[in-house]
Amino acid sequence: MSATLGGRRLWAVGLLVAVLAIGGALSAQVVVREDPLDAEVRRIADMFRCPTCQAISVNDSEAAFSVQIKDKVRRMLLEGQSEEQIKDYFVSRYGEWILRAPKKQGLGLVLWVLPGGAVLGFGVWILNRAARRARDVRTARAGGGADDLTPEQRQRIERDLGRFEEGV
Amino acid sequence: MMRSWKFWVALGGVLGVVAMFSYGLMIDPKLVKSPLLDQPAPTFTVTRLNGTETLSLADLRGKSVVLNFWASWCVACREEARVLQEAYLDLDKGKGQARVIGIAIQDTPEAAQAFATRYGKTYFLALDNKIGEISLNFGLYGVPETFFIDLQGVIRFKKVGAVTRDEIYNYINQMTAMKESR
């Protein structure tokens, strides 16, 4: 009796897994079957800032201007215009402000390079400092550096050491 | 005690960054200088809101143009409605010095006409199409926005927000002076 019940449970779990697997596969197919034009419109619209919102892209906004910009992108794509031509059109109307990522040329290139350059420069400075410190420690341990002393410095050290020992 | 040059460089860098952030917080990120300034105005042809006539911007060469974008749902547009109507009566219908044109955006003909009637607008009013062809060509961020186009069809000034009487006369006079100085 309990063996039969266990068998049924096993069947139920198996059925559930199969349903979930088929459902997952179907939903994945839905994503794959998205209209390529819609996907392209969404991709390009994601590059533009919504003119009437704060900090969101045209793609993520349903504000009237964003809807109109998406329509314009769609029409320009249907006319056979390239991504660059579409970007140039909006930049010529709104300026570089409309682009969520600055162009990789002119002042925009500085904005792209500066954060990475700053991190790299800081890293090089840290490594340089650590290497110098390690070198100093090695030199000190090897007893090096004493030869760099002038006779006056050597005399002064010996005199101070003598006074220290006398004091002790 | 004398500070090393490294201290002053670091202090200068920190102060520079603080100054940049302070400046960034003080300005409106949307008030970007329009790339259309000193460029030829995008052309368009529109039909008057009451359907009586059509107008092409290209046909207005030789006259200054006050091109106002507005909407019936826009609160600031109520503020400037009478200012624009008075400018029309004086500069357009009266002296013939400039044309005053209003383009309603993201609006319906009925709502736009009702607004025009309510605020006594009798100058040339038209409606942008549903896809916002004219609005996007002029790089609009919202309404009201007013463009001042000179006699050669070049955009010389742009006002974001409700336009005032003084601004209209100031810009028109400047554009007239530009023509006379040539």
Side-chain angles (χ1 to χ4, degrees), chain A residues 41 44-45 47-58 61-79 81 85-100 102-103 106-108 110-111 114-115 117-119 121-122 125-126 128-129 132, chain B residues 6 9-10 13-14 16-17 20 24-25 27-44 67 69-76 103-108 111-112 127-145 147 154-155 158 160-161:
Chain A
V41 169
I44 294 175
M47 296 174 189
F48 301 129
R49 265 192 230 213
C50 164
T52 50
C53 331
Q54 292 290 341
I56 59 170
S57 76
V58 162
S61 163
E62 286 305 314
F65 272 112
S66 296
V67 172
Q68 288 180 338
I69 290 173
K70 280 184 266 196
D71 284 348
K72 180 76 181 176
V73 170
R74 179 181 298 276
R75 276 180 289 125
M76 290 177 87
L77 285 170
L78 287 171
E79 285 165 11
Q81 299 202 45
Q85 286 172 314
I86 295 170
K87 278 164 82 172
D88 287 347
Y89 167 79
F90 283 103
V91 168
S92 71
R93 265 60 186 173
Y94 288 92
E96 295 268 336
W97 176 91
I98 196 82
L99 298 175
R100 293 176 69 215
K103 280 189 171 179
L107 191 64
V110 175
L111 294 174
L114 202 62
V119 170
F122 187 66
W125 180 75
I126 292 276
N128 191 30
R129 203 177 157 85
R132 199 190 308 163
Chain B
K6 288 177 187 170
V9 167
V14 170
V17 170
M20 277 200 307
L25 288 171
I27 58 167
D28 184 344
K30 285 180 185 162
L31 288 182
V32 179
K33 192 184 172 196
S34 172
L36 290 170
L37 288 179
D38 298 326
Q39 298 295 321
T43 55
F44 60 83
L67 178 62
F69 288 93
W70 63 287
S72 65
W73 43 263
C74 152
V75 177
I103 307 281
I105 69 160
Q106 297 160 11
D107 220 329
T108 63
L127 193 67
D128 191 9
N129 60 16
K130 206 175 174 187
I131 53 176
E133 196 84 50
I134 306 173
S135 320
L136 293 180
N137 277 341
F138 276 82
L140 247 60
Y141 289 87
V143 278
E145 281 189 24
F147 291 81
V154 174
I155 297 173
K158 178 187 170 184
V160 176

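Please read these numbers as outputs of a predicted model, since none were measured by experiment. Quick note on labels: first sequence line is chain A, next is B, and so on, each numbered from 1.
Of all the heavy atoms in A:Gly95 and B:Pro35, the pair that sits closest is N-CG, 3.3 Å. Listed here is the closest heavy atom pair of B:Tyr141 and A:Trp97: CE2-CZ3, 3.5 Å. Closest non-hydrogen pair, A:Arg93 versus B:Phe138, comes out as CG-N, 4.4 Å. Of all heavy-atom pairs spanning B:Leu36 and A:Ser92, the tightest one is CD2-O, 3.9 Å.
Exactly one of B:Leu136, B:Ile131, B:Leu140 qualifies for a side-chain contact (heavy atoms from CB on, under 4.5 Å) with A:Gln68. That residue is B:Leu136.
When the ring-ring contact (aromatic ring centres under 6.0 Å, His included) test is applied to A:Phe90, the partners found at least two apart in sequence or on another chain are A:Phe48. A:Glu96 pairs by the side-chain hydrogen bond (donor to acceptor under 3.5 Å, both in side chains) definition with nothing, not counting sequence neighbours.
With a 4.5 Å cut-off on non-hydrogen atoms, A:Val67 does not touch chain B at all. Both the backbone and the side chain of A:Ile69 come within less than 4.5 Å of a heavy atom in chain B.
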